[in-house]
Amino acid sequence: MPKPIGGLTTLLVILMFMVAAVSPRNGISQRTEDPQPITVRGSIWDNACAKAGSHGKMMPAMHAKDVKECTLACVAKGDELVLFDSDDRIIYRLDAQDKAKEYAGQTVTIRGSYDRATGILHVDSIDAVS
């Protein structure tokens, strides 16, 4: 005759099933945070120059006379536009590439929401900083 399972063993079995139910390996996604409202100031640059923290190397290579030309040349070669906060050295990926393109090379304020799970800044508005 089988022995009854003790209380601690039962608890461990239940916990194992709970962990398995939320495991990323089984295709069930874990809960993510909702995007958080944010207002950020920075420059609309291409991702490569933002990672380098400068347009210094790319401007001569792209035959660009200024930051705007460099940014647009890098984007034309397949890079994406980002918001680069040079003070804190943070790069925000942008969901609104078309909106951001007209501000290439400029300092702007973006209002929107930031999704930490995807690392994307969802743009509601962009305003040039004078």
Side-chain angles (χ1 to χ4, degrees):
M1 180 181 249
K3 294 184 180 180
I5 298 175
L8 183 58
T9 304
T10 303
L11 179 61
L12 289 174
V13 169
I14 291 170
L15 286 173
M16 285 175 32
F17 279 111
M18 289 174 63
V19 169
V22 296
S23 171
R25 286 180 281 172
N26 65 14
I28 298 172
S29 62
Q30 294 181 357
R31 184 174 181 262
T32 59
E33 294 179 23
D34 292 329
Q36 299 298 306
I38 189 171
T39 299
V40 188
R41 181 184 226 174
S43 300
I44 302 292
W45 282 12
D46 59 281
N47 193 41
C49 290
K51 283 181 180 177
S54 168
H55 289 275
K57 290 183 180 178
M58 292 306 291
M59 281 180 66
M62 294 295 176
H63 306 289
K65 68 178 182 211
D66 58 26
V67 171
K68 179 178 183 173
E69 279 188 13
C70 183
T71 298
L72 293 174
C74 288
V75 169
K77 291 196 178 269
D79 211 349
E80 71 176 342
L81 292 169
V82 297
L83 180 72
F84 178 53
D85 177 351
S86 60
D87 292 337
D88 295 327
R89 309 231 358 122
I90 298 172
I91 299 170
Y92 296 92
R93 293 181 59 217
L94 302 173
D95 70 341
Q97 294 288 299
D98 289 339
K99 275 187 194 178
K101 193 171 188 174
E102 70 180 271
Y103 298 96
Q106 296 181 42
T107 300
V108 299
T109 299
I110 293 183
R111 286 174 189 75
S113 58
Y114 183 65
D115 187 336
R116 290 184 191 277
T118 63
I120 295 175
L121 177 56
H122 300 281
V123 177
D124 290 333
S125 67
I126 302 176
D127 296 306
V129 174
S130 6

Considering all heavy atoms of both residues, which atom of [X] and which atom of [Y] are nearest to each other, and what is their separation?
X: M62; Y: C74; result: CE-SG, 4.0 Å
X: L72; Y: A104; result: CD2-CB, 3.7 Å
X: A96; Y: V123; result: CB-CB, 3.9 Å

Any side-chain heavy atom of Y114 within less than 4.5 Å of one from V40? no
Before you tell me yes or no, could you show the steps for D66 and E69 under side-chain contact (heavy atoms from CB on, under 4.5 Å), namely the whole-Å CA-CA distance, both residues' side-chain angles and the distance that decides it to 0.1 Å? CA-CA 5 Å; D66 58 26; E69 279 188 13; 3.4 Å; yes
Rounded to the nearest 0.5 Å, what separates atom [atom1] in [X] from atom [atom2] in [Y]?
X: R93; Y: I120; atom1: CZ; atom2: CD1; value: 4.5 Å
X: M58; Y: D46; atom1: CE; atom2: CG; value: 7.0 Å
X: K101; Y: L81; atom1: NZ; atom2: CG; value: 7.5 Å
X: Q106; Y: D127; atom1: CD; atom2: CG; value: 11.0 Å
X: Q36; Y: L121; atom1: CD; atom2: CG; value: 12.5 Å
X: T107; Y: L83; atom1: OG1; atom2: CG; value: 9.5 Å

Assess the residue pair I110 and I44 against the criterion (side-chain contact (heavy atoms from CB on, under 4.5 Å)); give the C-alpha distance rounded to whole Å, side-chain angles, the decisive distance to 0.1 Å, and a yes or no. CA-CA 10 Å; I110 293 183; I44 302 292; 4.1 Å; yes
Under the side-chain contact (heavy atoms from CB on, under 4.5 Å) criterion, do E80 and V82 qualify, and how do the steps go? CA-CA 6 Å; E80 71 176 342; V82 297; 4.2 Å; yes
Pairs meeting criterion ring pair (Phe, Tyr, Trp, His ring centres under 6.0 Å) with involvement of residues 35-54, two or more places apart: W45-H55, W45-F84
Examine V75 and V67 and state if one hydrophobic cluster contains both, with Ile, Leu, Val, Met, Phe, Trp and Tyr joined whenever side-chain heavy atoms are less than 4.5 Å apart. no
Is it the case that one hydrophobic cluster holds both V129 and Y92, taking links as side-chain heavy atoms less than 4.5 Å apart, direct or via other members? no
Salt bridge (Lys or Arg N to Asp or Glu O under 4.0 Å) between D87 and R41, intermediate numbers included: CA-CA 10 Å; D87 292 337; R41 181 184 226 174; over 6 Å; no
